Structures are given as structure tokens and as C-alpha cells.
Amino acid sequence: QVQLVESGGGLVQAGGSLRLSCAASGRTFSMYGMGWFRQAPGKEREFVAGINWDNDSTYYADSVKGRFTISRDYAKNTVYLQMNTLKPEDTAVYYCAAGRVASNPKSYDYWGQGTQVTVSS
């Protein structure tokens, strides 16, 4: 079992930055790939970024490439999403997930409760 708790969301102006954290509990955290997804009202949940467990390879949606960075700290059992140059279209609830890194949400076994990110224009 892996429990995930996100934090770091909030309200920011366009062009600003936020760093999301996802704290994981469970002894096998290091064996899971980790992903960040987001869901805006009336839209499907979409893949944002992912990081593998074995080689720390990273993957990004085209819409955030060059602006967002995913990283993980094994000692702290935490995954981060650094978000720079935020845009109003980045507004959504952001979720972290543990499982096999892929853009399909069904590839993930565990999910956090989500944290709201709102970007004002």
C-alpha cells in the first residue's frame, strides 16, 4: 500500500511559480513510478509529468514541457512538481499517482486527494 498526500497548491498570478509536493508513505515507494495529473472543471484528467523508479527518466506533456519539472527525493519519500511561467490554462486540481509511468491514468495504482492550483490572468 502507498498513501499519497499532495500539498503546495494555491493562487498565483500568470507568469508566477509554484512547487507541488507529494509525500508518500509505504515501504515500496521507491519501486513505483510517479506521475502528476491535472483535471480542470468539465475536462478529463490529463497527464502532466512522470518519473520512473529505476532510472529517474522523466516525461512531460507538450503543454508543460520547458516550464514544469518533476523530481523525486527517495530519502524523503517525496515527489515534486516545480511549475514555472504558469498560465491561466494551468488552472486545475493536481493529483499525484504511483504506478507504471504512462499518460493513461489507468496505469497508476494509487492516487492522492489532489491540490488546487489557480492561475489568475
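Everything quoted here is computed from the prediction, not taken from an experiment.
Residues forming a side-chain contact (heavy atoms from CB on, under 4.5 Å) with Asp62 (at least two apart in sequence, or on another chain): Lys65. Not a single side chain to side chain donor-acceptor pair (under 3.5 Å) links Ser103 to another residue, sequence neighbours left out.
Ala92 approaches Gln116 most closely through the heavy-atom pair O-NE2, 3.4 Å. Smallest separation of non-hydrogen atoms from Trp53 and Arg72: CA-NH1, 3.5 Å. Of all heavy-atom pairs spanning Gly50 and Val101, the tightest one is CA-CG1, 4.0 Å. The shortest heavy-atom contact between Thr115 and Gly9 is OG1-N, 3.2 Å.
Side chains of Asn52 and Tyr59: a donor on one and an acceptor on the other come within 3.5 Å. Neither side chain, Ser120 nor Gln13, offers a donor N or O lying under 3.5 Å from an acceptor on the other. Looking at Tyr94 and Arg38, their side chains do bring a donor and an acceptor atom within 3.5 Å of each other. Using modelled atom types and a 3.5 Å distance limit, the side chains of Thr78 and Asp73 yield no donor-acceptor pair. Inspection of the Thr85 and Arg67 side chains reveals no N or O donor paired with an N or O acceptor under 3.5 Å.
Ser71 OG to Asp56 CG: the interatomic distance, rounded to the nearest 0.5 Å, is 9.0 Å.
Aromatic pair Tyr32/Tyr110: centroids less than 6.0 angstrom apart. Annotation: Phe37 is in aromatic contact with Phe47 [ring centroid separation under 6.0 Å].
Asp90 has its side chain within reach of Phe68: a pair of non-hydrogen atoms, C-beta onward, lies under 4.5 Å apart.
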